[in-house]
**Q** 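Got a structure for you, written out below as structure tokens; questions coming shortly.
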There are 2 protein chains.
Amino acid sequence: MSESTEEPGPSEPSLDEQIAAYQREFRDLDPQVEQAVSALGRLNRRMNVAYGRQVAALGISNAEWEVLKTLVLSGAPYRLGPGELAKRLGLTPAAMTHRIDRMAGEGLVTRDRDENNRVRVIVELTDEGRTKWLEAMRMASDFEEDLLQDLSGDERGVLGELLVRLLRRVEHAQPDAGGRLTDLD
Amino acid sequence: MSESTEEPGPSEPSLDEQIAAYQREFRDLDPQVEQAVSALGRLNRRMNVAYGRQVAALGISNAEWEVLKTLVLSGAPYRLGPGELAKRLGLTPAAMTHRIDRMAGEGLVTRDRDENNRVRVIVELTDEGRTKWLEAMRMASDFEEDLLQDLSGDERGVLGELLVRLLRRVEHAQPDAGGRLTDLD
DNA sequence: CTCGAAGACTTTAGCACTAAACTTAGAAGG
DNA sequence: CCTTCTAAGTTTAGTGCTAAAGTCTTCGAG
């Protein structure tokens, strides 16, 4: 069982070794499909680790960065309710309550009751939060540019187009048209 | 981040809307890069949700499936120590202790002390665990085949090749050669 | 032979999340 | 007006993780 010395973070066999091992154990595997799917999964995990390190240098967590991104995406005046934030981030409202507590304590957002409807709460990005978002965005886009550096403009376009087609298939999850793939959300 | 990897999902703006919104707030953004990166992230999240649902139908969690996969990948006789499992999955040994507790209770693996070195523990896949892995693998490969259904053989090859190139860039993280991208693990 | 150090787990404390119960404000109906 | 219903958040209980401290076995030096 080959193993070299490693440290925190996943240490796995090479992608080729992994695919070969799966084929030994499961003959029906299409290596082309497996290559694309496994590479996608691994790449995404590595990228998330990298994003986490980058934003940690700004003193925020990946989770906090997600909230900042969502508020910025909502456009000026950068306000959303906890429920809406939770829905967009795929969390429960309970989790948002605590995340917002923390972020309000750090000055990244404010939390106030809506004066027109006192059941509602409004979370609003502060200037500091917006600045953190901008700094994180700069780091992230530099990192992404760096990651794609070896790909030509055409290749980048092809990659994006192929991924978008897969994403459409997953997000629309047509009840029929040849495949099942339903019930994804 | 690891694994499992992030995470959210349901109600987001469309990818095009998202990219347009980012460009409004951050002029330096390369839309081509952002399209590829964002599509990759979203696609991965959706796929993880889908895998979770599929294996849940077999009565196991995504986390348990990861352990089964790792043991099968190690090859017969499907044995690894908790520390090695933790390293490959990117978890702490403490987390593995509890995960193995659960899985041993469910009969998916056995946990025994190594008789030759009583400090070591050996986690071994049971027949039931191996069967579960096979069932999950069948579901996963059907799902993946379904996902890639709209892509031609050539397109699948191109997608895999491009992703593998990006993965190599991330995993090797060259100390230098034009880009930084160091310290990713 | 005994002590000390190292290695491989396990245990403890604390954090972030989910599911489900609870609280409160506004809306709807009698 | 008073229920009752519903919507939006918060609170509670329980899970699974990390970091750090603890335990137990083995190894090595004196």
Side-chain angles (χ1 to χ4, degrees), chain A residues 1 3 5-11 45 48-49 52-53 55-56 60-67 79-106 109-124 185, chain B residues 1-11 45 48-49 52-53 55-56 60-67 79-106 108-124:
Chain A
M1 223 70 347
E3 249 332 296
T5 57
E6 296 277 345
E7 43 136 325
S11 130
R45 275 188 286 114
N48 284 336
V49 171
R53 298 200 174 199
V55 300
I60 63 177
S61 69
N62 233 328
E64 289 169 332
W65 187 38
E66 295 293 329
V67 175
R79 278 187 252 194
L80 289 173
E84 183 59 27
L85 275 169
K87 204 168 59 171
R88 298 200 191 185
L89 292 173
L91 302 177
T92 60
M96 273 320 300
T97 293
H98 298 303
R99 224 184 245 198
I100 291 166
D101 277 352
R102 234 177 305 136
M103 293 180 70
E106 293 164 350
V109 300
T110 56
R111 188 227 308 261
D112 295 294
R113 295 215 95 93
D114 184 338
E115 286 307 321
N116 298 357
N117 182 342
R118 308 192 49 73
V119 173
R120 286 195 140 93
V121 168
I122 297 178
V123 177
E124 181 173 339
D185 258 324
Chain B
M1 151 152 320
S2 129
E3 188 24 235
S4 182
T5 342
E6 296 227 341
E7 86 213 45
S11 191
R45 279 188 279 115
N48 283 336
V49 171
R53 297 199 175 198
V55 300
I60 63 177
S61 69
N62 232 330
E64 289 170 334
W65 187 38
E66 294 293 329
V67 175
R79 277 185 250 190
L80 289 173
E84 183 59 25
L85 275 169
K87 203 168 58 169
R88 297 200 190 187
L89 293 174
L91 300 177
T92 60
M96 273 320 299
T97 294
H98 298 302
R99 221 184 248 198
I100 291 166
D101 277 353
R102 234 177 305 138
M103 293 181 70
E106 294 163 350
L108 298 170
V109 301
T110 56
R111 188 226 309 258
D112 294 295
R113 293 217 95 90
D114 184 337
E115 286 307 321
N116 299 356
N117 182 340
R118 307 193 46 72
V119 173
R120 287 197 139 91
V121 169
I122 297 179
V123 178
E124 181 172 339

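Bear in mind the structure is a predicted one, so any value in this text is a computation, not a measurement. Residue numbers start from 1 in every chain, and the chains themselves are labelled A, B, ... in the order their sequence lines are given, proteins ahead of strands. Heavy atoms only: backbone and side chains are in, while hydrogens, waters and symmetry mates are out.
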**Q** Taking C-beta and beyond as the side chain, do A/Ile60 and A/Met103 meet within less than 4.5 Å on heavy atoms?
**A**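 Side-chain contact under 4.5 Å: no.
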**Q** Nucleotide range of DNA chain D contacted by chain B, 5' to 3', under 4.0 Å to a heavy atom?
**A**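 The contacted stretch runs from D/dG16 to D/dT26.
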**Q** Once you round it to whole Å, what is the distance between P of C/dG26 and CG of A/Asn116?
**A** 10 Å
**Q** Distance check needed: C/dC9 C1' versus B/Ile100 CD1, whole Å only.
**A**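 Rounded to whole Å, this separation is 10 Å.
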**Q** Calculate the interatomic distance between B/Leu85 atom CG and C/dT10 atom P; express it in whole Å.
**A** 12 Å
**Q** For A/Ala63, does its backbone N or O pair with a side-chain atom of A/Glu66 as donor and acceptor, under 3.5 Å?
**A**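 No; zero donor-acceptor contacts below 3.5 Å.
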**Q** Give one of base, sugar-phosphate or nothing for B/Arg102, where a contact means two heavy atoms less than 4.0 Å apart.
**A** sugar-phosphate
**Q** Rounded to the nearest angstrom, tell me the gap between atom CZ in A/Arg118 and atom C1' in C/dA27.
**A** 18 Å
**Q** For B/Leu80 and C/dC9, give me the distance from atom CG to atom P, rounded to whole Å.
**A**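 B/Leu80 atom CG is separated from C/dC9 atom P by 11 Å.
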**Q** Between B/Ala95 and A/Glu115, just flag the one whose closest nucleotide in DNA chain C comes earlier from the 5' side.
**A**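 The 5'-side residue here is B/Ala95.
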**Q** Nearest 0.5 Å, please: how far is CD1 in B/Ile100 from CG in B/Leu80?
**A**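 Reported value, rounded in 0.5 Å steps: 9.5 Å.
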**Q** Could you tell me how far apart B/Asp114 (CG) and C/dA8 (P) are, to the nearest whole angstrom?
**A** 12 Å
**Q** Which nucleotide in the set C/dC17, C/dC9, C/dA8 lies at the smallest distance from any side-chain heavy atom of A/Arg99?
**A**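 Among the listed nucleotides, the one closest to the side chain of A/Arg99 is C/dC17.
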**Q** So which nucleotide from C/dA8, C/dC9, C/dC17 ends up closest to the side chain of A/Leu91?
**A**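 Within the option list, the nearest is C/dC17.
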**Q** For residues A/Arg99 and A/Leu85, determine if any side-chain heavy atom of one lies less than 4.5 Å from a side-chain heavy atom of the other.
**A** no
**Q** What nucleotide among C/dT11, C/dG7, C/dA25 has an atom nearest to a side-chain atom of B/Val119?
**A**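 Ranking C/dT11, C/dG7, C/dA25 by closest atom to the B/Val119 side chain puts C/dG7 first.
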**Q** Considering every strand and a 4.0 Å limit on heavy-atom distances, what is the contact class for A/Pro82: base, sugar-phosphate, or nothing?
**A** sugar-phosphate
**Q** What is the distance, rounded to the nearest whole Å, between atom CD of B/Glu84 and atom P of C/dA8?
**A** 10 Å
